[in-house]
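Worksheet for the structure shown next.
Below, read A as the first sequence line, B as the second, and so on, with proteins coming before strands; counting in each chain starts at 1. We use all heavy atoms of the structure for the numbers below, so side chains are in, but hydrogens, waters and symmetry mates are not.
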Amino acid sequence: MQVPASFEYRRASSVEDALAQLERFGEEARVIAGGHSLLPMMKLRLARPGLLVDINDLHELDYVRLEGDELCVGALTRHRELLESELVGRLFPIFHDAERVIADPPVRNRGTIGGSLCQADPAEDLSAVCAAVRAVAVVLGGGGRRRVPMAEFYRGPYETDVGTGEMLVEIRVPVVPGGGSAYEKVERKTGDWAIAAAGAALAVVDGRIASPGIGLAAVGVSPVGYRRAEEALAGREPSAEVFAEAGRIAAEDCDPVTDTRGTAAYKRHLAGELTERALRRAAERAGRPVAAA
Amino acid sequence: MQVTINVNGEDRTAEVEARHLLVRFLRDDLGLTGTHWGCDTSNCGTCVVLLDGEPVKSCTVLAVMADGHRVRTVEGLEGADGLDPVQQGFIEQHGLQCGFCTPGMMLTARALLDRNPDPTDQEIREAISGQLCRCTGYLNIVRAVQWAARHPLEASAAPSAGSTS
Ligand SMILES: Cc1cc2nc3c(=O)[nH]c(=O)nc-3n(C[C@H](O)[C@H](O)[C@H](O)COP(=O)(O)OP(=O)(O)OC[C@H]3O[C@@H](n4cnc5c(N)ncnc54)[C@H](O)[C@@H]3O)c2cc1C
Ligand code: FES
Ligand code: FES
């Protein structure tokens with residue numbers, strides 16, 4: 001039987017209350033949202049917080065809405081709510097592509113977008129999605145509210161820019177007119193973590209690619225860092241060749257390791273192939289399908 | 001810590017450690033051993049119960065997190081008028097062999113039918129996709145849920161013995 005080590009538990013009654021607890025207990029304290037990454041880690045003693053601050057009552061962090069030209073998602077929004085949101089599916093189908101293959105329905109009933117991003121597991125699908133759509137994390141703490149782009153949010157595996165006494169409260173995604181997005185994942189079996197996965201977003205403005213974004217899961221220390229591939233897309237006319245080139249660069253720039261899910265070489269191959277496929281599907285959704293190479 | 005959890009319609013209060021898992025609270029403290037416990041790692045889904053009406057893996061929920069919430073276990077499926085149609089469906093369609101996965105499967109089926117009374121084969125398979133069955137090959141589980149869909153709650157107060165419809 002796996003049981004976590006002892007800890008204290010407080011249920012936060014407001015965001016301010018949660019922050020006060022986090023501030024007071026410092027390094028010892030951890031937020032618990034869905035608990036579907038944290039509790040398994042605590043059972044294995046990979047995490048041993050002295051205090052859990054439960055934010056599940058903070059319904060003010062559970063929303064999906066459009067504010068101006070940004071899609072705003074509260075940190076406590078569950079996987080299932082993202083999957084069922086018509087607004088999310090319409091503006092960013094990449095979220096629905098990913099949510100359909102993240103874990104399974106009972107896990108999706110609990111797991112949250114905030115927990116997914118803060119877990120910063122290199123294989124986390126929503127991290128790659130948020131990287132591709134150039135999301136901005138809104139982090140709140142004693143020092144105030146900070147907007148952190150995904151490129152700066154990830155400090156490495158299991159490490160984010162969210163400091164002691166802070167919490168992630170919102171994810172904001174810029175809505176790009178004429179945009180399309182898609183996610184492609186290869187896994188061993190239904191509901192499993194990715195062997196490799198790729199997210200892509202782009203817009204087509206005056207026949208040329210604008211605001212390209214690429215995020216990869218499970219093939220490096222974090223989902224970000226594909227600037228070279230993005231630069232190979234920006235300003236070009238969408239075509240099978242351009243997408244293949246971006247895929248080739250992404251495969252070059254990723255850094256997979258061999259594990260039980262596959263060899264590094266296989267994952268690198270997938271990274272390129274899935275990037276290319278995601279780009280093609282994103283272009284199709286942006287209203288600019290390209291013919292096969 | 002003291003928790004009060006509404007289990008199958010009844011408030012149950014107990015003193016628990018914060019690290020106590022919901023599955024252990026149900027099985028050890030309340031003696032509701034119908035909720036099974038397998039992998040302990042949120043993978044097998046045999047521990048699925050309904051939390052506020054939705055399937056969750058109770059090995060990955062703290063009892064203190066369920067404080068003030070509603071939990072439904074397999075013991076709460078049977079109504080005053082007899083078995084839930086889902087239970088009857090598992091009998092009619094041989095939806096189980098060893099029975100290990102069955103409580104979780106039936107609760108997921110109940111939650112699915114509550115939202116979607118007429119699910120497609122694909123929707124049923126998707127709903128149970130987080131729960132492993134080592135015996136049936138899933139086909140009869142899908143048939144059991146389809147049977148229950150054809151015999152909604154009101155109509156199935158007294159299912160006829162041995163009916164094969
Ligand atoms: C069987 C299984 C299969 C899975 N498969 C996949 C998969 O295929 N793809 C995938 O992407 N994920 C998968 N997951 C992970 C799942 O998506 C988790 O729900 C998610 O990683 C964590 O979300 P959570 O809300 O449960 O976070 P928690 O476990 O509650 O928290 C995770 C971490 O984030 C911190 N945290 C949470 N919320 C905040 C916040 N608002 N501010 C600051 N810190 C916060 C916590 O302190 C903790 O360190 C799987 C999980 C399981 C159990
Ligand atoms: S015991 Fe909970 S998922 Fe296996
Ligand atoms: S009936 Fe044996 S595991 Fe499903």
Side-chain angles (χ1 to χ4, degrees), chain A residues 1-13 30-57 59 78-81 83-84 99-112 115 187-193, chain B residues 1-3 16-25 27-28 37-69 104-105 107-109 111-112 115-116 119 122-132 138:
Chain A
M1 183 168 90
Q2 297 181 8
V3 179
S6 295
F7 56 85
E8 270 190 69
Y9 170 88
R10 303 277 164 80
R11 215 185 257 198
S13 55
R30 281 286 265 281
V31 167
I32 186 162
H36 274 57
S37 289
L38 187 52
L39 289 175
M41 285 181 61
M42 288 170 66
K43 287 180 176 184
L44 296 171
R45 303 294 193 275
L46 293 172
R48 265 189 99 149
L51 171 76
L52 285 188
V53 179
D54 183 350
I55 61 168
N56 282 281
D57 282 353
H59 301 294
R78 316 260 172 203
H79 290 301
R80 180 206 186 135
E81 294 168 315
L83 184 55
E84 290 179 352
E99 285 295 358
R100 269 185 217 107
V101 291
I102 290 176
D104 53 57
V107 172
R108 294 201 293 261
N109 278 338
R110 295 296 290 170
T112 64
E187 67 273 61
R188 294 176 304 183
K189 63 175 180 64
T190 304
D192 197 14
W193 296 87
Chain B
M1 298 183 66
Q2 182 169 304
V3 295
V16 300
E17 273 190 88
R19 60 177 172 165
H20 204 44
L21 296 161
L22 181 58
V23 65
R24 307 252 56 104
F25 174 78
R27 289 179 57 90
D28 303 348
W37 163 67
C39 67
D40 220 351
T41 58
S42 57
N43 281 287
C44 74
T46 198
C47 64
V48 162
V49 300
L50 304 187
L51 180 63
D52 297 328
E54 299 303 341
V56 301
K57 293 176 175 175
S58 62
C59 71
T60 312
V61 176
L62 297 170
V64 287
M65 293 174 87
D67 184 23
H69 292 267
M105 290 289 185
L107 288 162
T108 294
L112 172 69
R115 286 180 141 237
N116 177 0
Q122 194 51 43
E123 285 167 338
I124 296 169
R125 287 177 183 274
E126 170 64 22
I128 62 171
S129 63
Q131 292 157 265
L132 298 177
Y138 302 99

Worksheet entry | Closest contact, heavy atoms only, A:Pro105 versus B:Ser129 | CD-OG, 3.3 Å
Worksheet item: Do you know the tightest heavy-atom contact between B:Gln131 and A:Pro106?
Response: OE1-CG, 4.4 Å
Worksheet item: Taking side chain as C-beta onward, heavy atoms only, is B:Asp67 less than 4.5 Å from A:Tyr9?
Response: no
Fill in: Non-hydrogen side-chain atoms of A:His36 and B:Val56 separated by less than 4.5 Å
no
Worksheet item: In terms of heavy-atom proximity below 4.5 Å to chain B, should A:Leu52 be classed as side chain, backbone, both, or neither?
Response: side chain
Worksheet item: What are the two closest non-hydrogen atoms of A:Arg11 and B:Val64, and how far apart are they?
Response: NH2-O, 2.8 Å
Worksheet entry | B:Val48 versus chain A, the contacting section by heavy-atom distance below 4.5 Å | side chain
Fill in: Among the listed options A:Asp192, A:Asp54, A:Leu44, the residue most often paired with chain B at heavy-atom distances under 4.5 Å
A:Asp54
Discussion item. I'd like to know if the side chain of A:Asn109 reaches the main chain of B:Pro55, judged simply by a donor and an acceptor atom lying under 3.5 Å from each other, with no hydrogens or angles considered.
Written reply: yes
Discussion item. Could you tell me if the side chain of B:Thr60 sits less than 4.5 Å from the side chain of A:Arg110, heavy atoms only?
Written reply: no
Response to the item:
dist B:Met65:CE -> A:Asp57:CG (nearest 0.5 Å) comes out at 9.5 Å
Discussion item. If I measure from the heavy atoms of chain A, does B:Leu51 come under 4.5 Å with its side chain, its backbone, both, or neither?
Written reply: side chain
Worksheet item: Checking heavy atoms, do the side chain of A:Ser6, its backbone, both or neither come under 4.5 Å from chain B?
Response: both
Item to complete: Please determine which of A:Arg108, A:Arg78, A:Arg80 meets the side chain to side chain donor-acceptor pair (under 3.5 Å) test together with B:Glu54.
Response: A:Arg80
Discussion item. So B:Glu17 and A:Val3, do their side chains get closer than 4.5 Å, heavy atoms only?
Written reply: no
